[in-house]
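Indexing begins at 1, ligand by ligand and atom by atom, following the structure's order. As the structure is a computational prediction, the values presented were derived from the model and not from experiment.
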Amino acid sequence: MNNKGILVVVSGFSGAGKGTLMKELLSRYDNYALSISVTTRTPRPGEQEGVHYFYRTEEEFDQMVEQNAFIEYARYVKHSYGTPKTYVEQQLSAGKDVILEIELQGALQVKKSRPETLLLFVTPPSAQELRRRLVDRGSEEEDEINRRMARAVEESREMSSYDYIVVNDEVSSCVDDMHKIIQSYHTATGNQMELIKKMQKELKDMEEK
Ligand code: 5GP
């Protein structure tokens, strides 16, 4: 029996509320591990090194790229972001379902190199609501908000590359939806593994008769 956890990518427009959803998902269930990314952007007020991100210089980031230390990495707006390999591998081996909260280009890289990855995309119910949430967050200047909205336009074209789209209208029910999707994916992939093993054994036994 394969007890490895599954890799889950959660993407969504900046301002879709992914951070809040992840916090709630992790506090409710103990089978998840959240990967902490490396970024070259500066911390927002209240963010901490090693909790929200590992904050590194562009040079340090490039060095990690050279050392092949990332599962994926991408530029987003004006900064680089990457998922360190080691933690993800450790947690998957320990049977945890590992969540990568990353943007589109990274998500597609992961799906290409690990096709068994589950891709979820979180969206607010409307574009108007998305803009409202970005403004309410109050941590970005107007032109940064506009850049993020422009990026959302691009990202919306690729929403269909994801396995599931989750609407974040109300945090609690959205977390329920995500948990159900992830757990049923577990069962589905687990069942497939069992079925593959069963068929392989039966065919081999038949051949030997
Ligand atoms: P923020 O600056 O708002 O924290 O993040 C900007 C975007 O970068 C978000 O869409 C976030 O999901 C994404 N992001 C965070 N970490 C990573 C990462 O390691 N890789 C990639 N590809 N995107 C990331």
Item to complete: With sequence neighbours left out, write down each residue that passes side chain to side chain donor-acceptor pair (under 3.5 Å) with R151, or none if nothing qualifies.
Response: E103

Fill in: Connected-component partners of V167 among ILVMFWY, side-chain separation under 4.5 Å
none

Worksheet item: Has D30 got more than 12 heavy atoms of other residues, nucleotides or ligands less than 6.0 Å from its CG?
Response: no

Worksheet item: Name the residues with a heavy atom less than 4.0 Å from ligand 1?
Response: K18, S37, R41, R44, Y53, E72, A74, Y76, Y81, G82, T83, E101, I102, E103, G106, R148

Discussion item. Suppose we screen for side chain to side chain donor-acceptor pair (under 3.5 Å). Which residues come up paired with R114, at least two apart in sequence or across chains?
Written reply: E89

Worksheet item: Do E47 and Y55 pass the side chain to side chain donor-acceptor pair (under 3.5 Å) test, and can you show the C-alpha distance, the side-chain angles, and the key distance before you say yes or no?
Response: CA-CA 10 Å; E47 285 186 351; Y55 302 92; 2.7 Å; yes

Worksheet entry | Ion pair check, E142 and R131, cut-off under 4.0 Å | yes

